[in-house]
Amino acid sequence: MISVIVPVYNVEKYLPQCLNSIINQTYENLEIILINDGSTDNSGNICDEYAKRNSRIKAIHKENGGASSARNIGLDICKGDYIGFVDSDDWIELDMYESLYKYMREKDVDITCVGFSYAYINKNLYHNSPENFLYSKNPKFMYEIFSNQYYGEMMCNKLFKKFIFDGIRFPENKMTEDAFIFFDILEKVNGVYISAERKYFYRMRDNSVTHSEFNPKLLDCLDLNEYFLKLAYTKYQLLIPKIIIKCLRVDYFVLSKLVISKQLSENYRTAIYLQKKMRKNINSIIKTSELNIIEKIGFLSLIINFNLFRYLLKSKNFMKLLIGKKMISYP
């Protein structure tokens with residue numbers, strides 16, 4: 001049985017689409033755990049209505065504590081041999097769990113992963129385009145997985161064997177909870193399979209923390225940087241160059257949000273700290289093959305002058321190149 005854990009918070013507009021995509025899975029042996037995390041809209045009632053209509057669904061209600069606390073409750077009570085996660089404003093292909101389960105059995109691995117599509121508010125999709133990859137435990141296992149951009153820290157496009165979460169829980173009150181347990185999870189597995197099929201749809205909402213204007217919670221990303229760098233220098237030395245670039249990407253993301261926000265003045269010291277950090281690593285930014293030329297221009301504009309970066313943002317052509325996303329319409 002697969003236990004599907006779904007944290008729910010104020011998503012009444014999107015929740016039915018999410019739940020319908022789960023209950024209609026071609027793989028039917030599911031335990032669906034809905035954790036209403038103190039919603040103030042109709043989300044809790046929707047959970048209860050679905051639970052009444054489908055015996056596989058458990059609806060749990062709790063005070064608001066964040067997605068991590070909701071997921072952890074699900075992990076504490078789930079009974080399946082396999083575990084999946086779905087965010088309550090997203091949706092999945094009807095055969096996603098059948099595919100993930102099939103690959104887990106066929107490839108004899110502990111984690112299976114499928115591709116995903118970003119679904120934008122303007123009804124456009126951006127597809128990531130993975131290839132098929134099979135990784136088995138070896139001295140370079142961590143390096144190989146970390147280097148594969150299609151695996152990532154995201155939990156929701158994956159299926160896990162339950163034993164992986166023995167002793168592992170999501171850190172609470174952190175925005176980047178998936179990433180904080182990335183290495184802990186991989187330390188416990190003997191194999192990972194990544195499928196080229198795209199089965200998960202990740203909704204990009206304007207009011208979400210990572211896609212809205214600057215939010216103080218984004219500073220959690222800087223804590224993650226420190227955590228990743230510490231791990232790199234103490235345990236995964238082979239990953240140091242890649243983790244440095246990854247951390248610089250995070251710095252860029254946070255700083256780019258900050259310099260165009262109304263909160264810049266009150267967070268100016270943080271902005272200058274990030275700018276100096278990028279400036280210190282300018283050689284790495286210029287020389288790395290992991291950043292394209294447009295991304296490097298974005299970095300350099302922030303390093304040179306915040307006003308220059310703001311000017312570039314006003315250019316639609318630059319933004320299109322910077323984002324680099326091919327859009328198609330979705331129904």
Side-chain angles (χ1 to χ4, degrees), residues 9-10 66-67 87 89-90 117-126 128 149 152-154 173-179 202-229 243-286 288 290-327:
Y9 181 71
N10 287 357
D87 286 344
D89 52 351
D90 301 337
S117 300
Y118 290 113
Y120 285 81
I121 198 72
N122 59 0
K123 294 193 173 182
N124 284 328
L125 291 179
Y126 161 63
N128 82 332
Q149 61 178 313
E153 297 99 359
M154 180 179 175
N173 301 314
K174 293 287 185 183
M175 191 191 76
T176 49
E177 67 272 13
D178 294 0
Y202 182 85
R203 195 184 305 273
M204 306 286 278
R205 290 193 289 149
D206 288 345
N207 62 344
S208 66
V209 172
T210 52
H211 307 118
S212 58
E213 292 187 357
F214 180 79
N215 185 306
K217 288 184 179 180
L218 289 174
L219 297 177
D220 288 348
C221 297
L222 305 184
D223 294 337
L224 178 65
N225 276 1
E226 296 300 321
Y227 176 67
F228 268 24
L229 285 169
I243 286 182
I244 287 174
I245 295 300
K246 181 180 180 65
C247 291
L248 286 171
R249 282 183 182 274
V250 172
D251 292 341
Y252 174 87
F253 173 73
V254 175
L255 183 55
S256 65
K257 292 283 187 181
L258 186 53
V259 299
I260 60 173
S261 74
K262 296 176 182 178
Q263 292 93 349
L264 176 59
S265 58
E266 61 191 83
N267 292 280
Y268 194 72
R269 291 181 64 181
T270 299
I272 294 300
Y273 163 76
L274 292 174
Q275 186 187 50
K276 288 181 177 179
K277 186 177 175 184
M278 289 182 189
R279 192 170 290 154
K280 182 179 178 181
N281 287 278
I282 191 169
N283 287 334
S284 297
I285 293 169
I286 293 172
T288 183
E290 296 190 29
L291 299 172
N292 63 42
I293 185 63
I294 300 299
E295 290 175 312
K296 290 179 181 180
I297 291 172
F299 268 96
L300 293 175
S301 67
L302 275 176
I303 289 172
I304 295 169
N305 187 279
F306 294 160
N307 287 329
L308 174 61
F309 179 76
R310 294 190 193 101
Y311 174 79
L312 289 175
L313 284 186
K314 294 178 182 179
S315 167
K316 292 183 179 179
N317 289 333
F318 176 76
M319 284 302 296
K320 185 177 180 180
L321 290 170
L322 181 61
I323 297 172
K325 292 178 177 177
K326 299 177 181 179
M327 301 292 190

Is the closest side-chain heavy-atom distance between [X] and [Y] below 4.5 Å?
| X | Y | result |
| --- | --- | --- |
| Asn281 | Ile245 | no |
| Leu218 | Phe253 | yes |
| Phe299 | Ile286 | no |
| Leu222 | Thr270 | yes |

Rounded to the nearest 0.5 Å, how far does [atom2] of [Y] lie from [atom1] of [X]?
| X | Y | atom1 | atom2 | result |
| --- | --- | --- | --- | --- |
| Lys217 | Asn173 | NZ | CG | 8.5 Å |
| Ile297 | Ile304 | CD1 | CD1 | 10.0 Å |
| Leu274 | Leu219 | CG | CG | 8.5 Å |
| Lys296 | Glu290 | NZ | CD | 10.0 Å |
| Asn267 | Ile272 | CG | CD1 | 12.0 Å |
| Gln275 | Tyr268 | CD | OH | 7.0 Å |

* Would you sort out whether Lys277 and Asn225 count as a side-chain contact (heavy atoms from CB on, under 4.5 Å), showing the intermediate values? => CA-CA 12 Å; Lys277 186 177 175 184; Asn225 276 1; 4.0 Å; yes
Do you know which two heavy atoms are closest between [X] and [Y], and how far apart they sit?
| X | Y | result |
| --- | --- | --- |
| Asp223 | Lys174 | OD2-NZ, 3.1 Å |
| Val254 | Cys221 | CG2-CB, 4.0 Å |
| Phe228 | Cys247 | CB-SG, 4.4 Å |
| Phe309 | Ser301 | CD1-OG, 3.3 Å |

Looking at [X] and [Y], would you say the former's side chain and the latter's main chain have a donor-acceptor pair under 3.5 Å?
| X | Y | answer |
| --- | --- | --- |
| Gln263 | Leu258 | no |
| Arg310 | Val259 | yes |
| Thr288 | Ser284 | no |

* Test Met278 against Leu255 for side-chain contact (heavy atoms from CB on, under 4.5 Å), laying out the working first. => CA-CA 10 Å; Met278 289 182 189; Leu255 183 55; 3.9 Å; yes
* To do: May I ask you to say whether Arg249 pairs ionically with Glu295, meaning some side-chain N is under 4.0 Å from a carboxylate O?
  => yes
* Asked: Should Ile282 and Leu300 be marked as a side-chain contact (heavy atoms from CB on, under 4.5 Å) after you check the CA-CA gap, both sets of side-chain angles, and the distance that decides it?
  -> CA-CA 8 Å; Ile282 191 169; Leu300 293 175; 3.8 Å; yes
* To do: Using the side-chain contact (heavy atoms from CB on, under 4.5 Å) rule, take Ile285 and Leu248 through it: C-alpha gap first, then chi angles, then the decisive distance, then the call.
  => CA-CA 8 Å; Ile285 293 169; Leu248 286 171; 3.9 Å; yes
